[in-house]
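Input: a single structure, listed below in structure tokens.
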Amino acid sequence: MVATSENTSGRRYGGSSAEQRKQIRYEQLLTAAMECFGEQGLAGVGVRPVSAKAGIAPRYFRESFPDRDALLAALYDRAADQVLAAALEILDADGDPETRVRASLESVIHSLDQDPRLGPLLFGTTTEPVLRERREQMVLDYADAIAAGAASMFPDRIDARSYRTTAIILAGGYIELTTWWLADPSRVSRDELLDRAASIFFATTTAPMR
């Protein structure tokens, strides 16, 4: 039998501290929230259904999230990170600009393909005020990364601060384009979508912008 001990992290059970168990419950609740969203949309993401799906008593929900809005914000941010992390890493890497930009754009679509729940969550939930705010922040974060990438690719003619407004247009436009395409991929081929999006980016980098 595993001994129970006391330390500064709190009482330990089976080798796990109170803080570790809290983190495990947090992850379980987020995973359950995504499952509930996939099954019933936002209507299914509530304290009781998520707690039940996670197999956690509802009283522990407040330990991780003060309310439903906090859960929705965390769920949205995790989905945004899942979609954009690889794309931004590619954009920030060394190599040919055309290859990097196209691969970065394609990475977004690939992530959405891998988990069909991500698109509806990220792009189809603006009826919830808290998610509208998170979407706006996602666009700004994406835009900042685009501006930094453009400045690193073309330091002689692009200044990240001056280019930021253009980057916001690009980030918002690509997100809207992706939303439109996901609704009906037969509208245009994947390659054409990526080619057009990449060409628009490079068109904005051809003239000095300081």
(request) Determine, using the 4.5 Å side-chain heavy-atom cutoff (strictly less than), whether Ile169 and Val139 are members of one ILVMFWY cluster. (result) no
(request) Indicate the atoms forming the closest heavy-atom contact of Val108 with Ala87, along with that distance. (result) CG2-CB, 3.8 Å
(request) Apply the test side chain to side chain contact (heavy atoms under 4.5 Å, CB included) to residues Ile109 and Leu193: give CA-CA distance (whole Å), side-chain angles for both, the deciding distance (0.1 Å), then the verdict. (result) CA-CA 10 Å; Ile109 294 178; Leu193 181 144; 3.5 Å; yes
(message) With side chain to side chain contact (heavy atoms under 4.5 Å, CB included) as the criterion, how do Leu131 and Arg135 come out once you've worked through the C-alpha distance, each side chain's angles and the decisive distance to 0.1 Å?
(response) CA-CA 6 Å; Leu131 295 187; Arg135 174 168 170 154; over 6 Å; no
(message) Check the orientation of Phe201 and Phe154. Use parallel for under 30°, tilted for 30 to 60°, and perpendicular for over 60°.
(response) tilted
(request) Could you tell me whether the side chain of Met34 reaches within less than 4.5 Å of the side chain of Leu121, counting heavy atoms only? (result) yes
(message) Quick check against the 3.5 Å criterion: does Thr31 have a side-chain atom that pairs as donor or acceptor with the backbone of Gln28?
(response) no
(message) Taking the side chain as everything from C-beta on, heavy atoms only, tell me whether Pro49 gets closer than 4.5 Å to Glu39.
(response) no
(message) Using 0.5 Å steps for rounding, measure from the CG atom of Asp141 to the CG atom of Leu88.
(response) 8.5 Å
(message) Between Thr205 and Tyr163, do the side chains contain a donor N or O and an acceptor N or O under 3.5 Å apart?
(response) no
(message) Test side chain to side chain contact (heavy atoms under 4.5 Å, CB included) on Tyr76 and Glu133; report intermediate values, then the result.
(response) CA-CA 10 Å; Tyr76 191 96; Glu133 293 172 4; over 6 Å; no
(request) Measure across Leu29 and Ala54 and return the closest heavy-atom pair with its distance rounded to 0.1 Å. (result) CD2-CB, 4.1 Å
(message) Looking at Asp195 and Arg102, is there a salt bridge between them, counting it only when a charged N and a carboxylate O are closer than 4.0 Å?
(response) yes
(message) Return the NZ to CD distance between Lys22 and Gln20, rounded to the nearest 0.5 Å.
(response) 13.0 Å
(message) I'd like to know if the side chain of Ser199 and the backbone of Arg196 have a donor-acceptor N/O pair within less than 3.5 Å.
(response) yes
(request) For the pair Arg134 (side chain) and Asp77 (backbone), establish whether a donor and an acceptor sit closer than 3.5 Å, ignoring hydrogens and angles. (result) no
(request) Evaluate the side-chain proximity of Ile200 to Tyr174: yes if any heavy-atom separation is below 4.5 Å, no if none is. (result) no
(message) A side-chain contact here means heavy atoms from C-beta on lying under 4.5 Å apart; do Ile56 and Glu63 qualify?
(response) no
(request) Taking all non-hydrogen atoms of both residues into account, name the closest pair between Asp67 and Ala70 and its distance. (result) OD1-N, 2.9 Å
(message) Please report the interatomic distance OG(Ser107) to CD1(Ile90), rounded to the nearest 0.5 Å.
(response) 4.5 Å
(request) Quick one: pull up CD1 in Ile146 and OG1 in Thr204 and give me the separation to the nearest 0.5 Å. (result) 9.0 Å
(message) If we ignore hydrogens and angles and just use 3.5 Å, is the side chain of Trp181 paired with the main-chain N or O of Val188 as donor and acceptor?
(response) yes
(request) Mind listing the closest non-hydrogen atom pair of Pro58 and Ser51 along with its distance? (result) CA-OG, 3.7 Å
(message) If we check side chain to side chain donor-acceptor pair (under 3.5 Å) with Ser162, which of these qualifies: Thr165, Thr166, Asp159?
(response) Asp159
(message) Is there a continuous path of hydrophobic side-chain contacts, each under 4.5 Å between heavy atoms, that joins Trp180 to Met138?
(response) yes
(message) Minimum heavy-atom separation for Ala167 and Ala143, please, with both atom names.
(response) CB-O, 3.2 Å
(message) Walk me through whether Leu71 and Phe61 qualify under side chain to side chain contact (heavy atoms under 4.5 Å, CB included).
(response) CA-CA 9 Å; Leu71 171 64; Phe61 181 94; 3.7 Å; yes
(request) Answer yes or no: is there a donor N or O on one side and an acceptor on the other, between the side chain of Thr179 and the main chain of Ile175, under 3.5 Å? (result) yes
(message) Are Phe65 and Leu30 packed together at the side-chain level, in the sense that at least one heavy-atom pair is separated by less than 4.5 angstrom?
(response) yes
(message) Contact between Val83 and Tyr142 at the side-chain level, heavy atoms closer than 4.5 Å - yes or no?
(response) no
(message) Just verifying a value: how many Å separate Ser111 OG and Asp81 CG, rounded to the nearest 0.5 Å?
(response) 11.5 Å
(request) With the side chain counted from C-beta on, respond yes when Asp144 and Arg164 share a heavy-atom pair under 4.5 Å apart, and no when they do not. (result) yes
(message) Are Leu91 and Met153 packed together at the side-chain level, in the sense that at least one heavy-atom pair is separated by less than 4.5 angstrom?
(response) yes
(message) Quick test of your reading of the model: are Arg78 and Glu27 salt-bridged, counting only N-O distances below 4.0 Å?
(response) yes
(request) Taking the six-membered ring of Tyr60 (Phe, Tyr or Trp), confirm whether the NZ or CZ of Arg25 is under 6.0 Å from its centre and within 45° of its axis. (result) yes
(message) Using a strict threshold of under 4.0 Å (side-chain N to carboxylate O), is an ion pair present between Arg132 and Glu136?
(response) no
(message) Tell me the closest heavy-atom pair linking Arg62 and Pro66, and the distance in Å.
(response) NH1-O, 2.9 Å
(message) Rounded to the nearest 0.5 Å, what separates atom CG in Leu182 from atom CG in Leu112?
(response) 5.5 Å
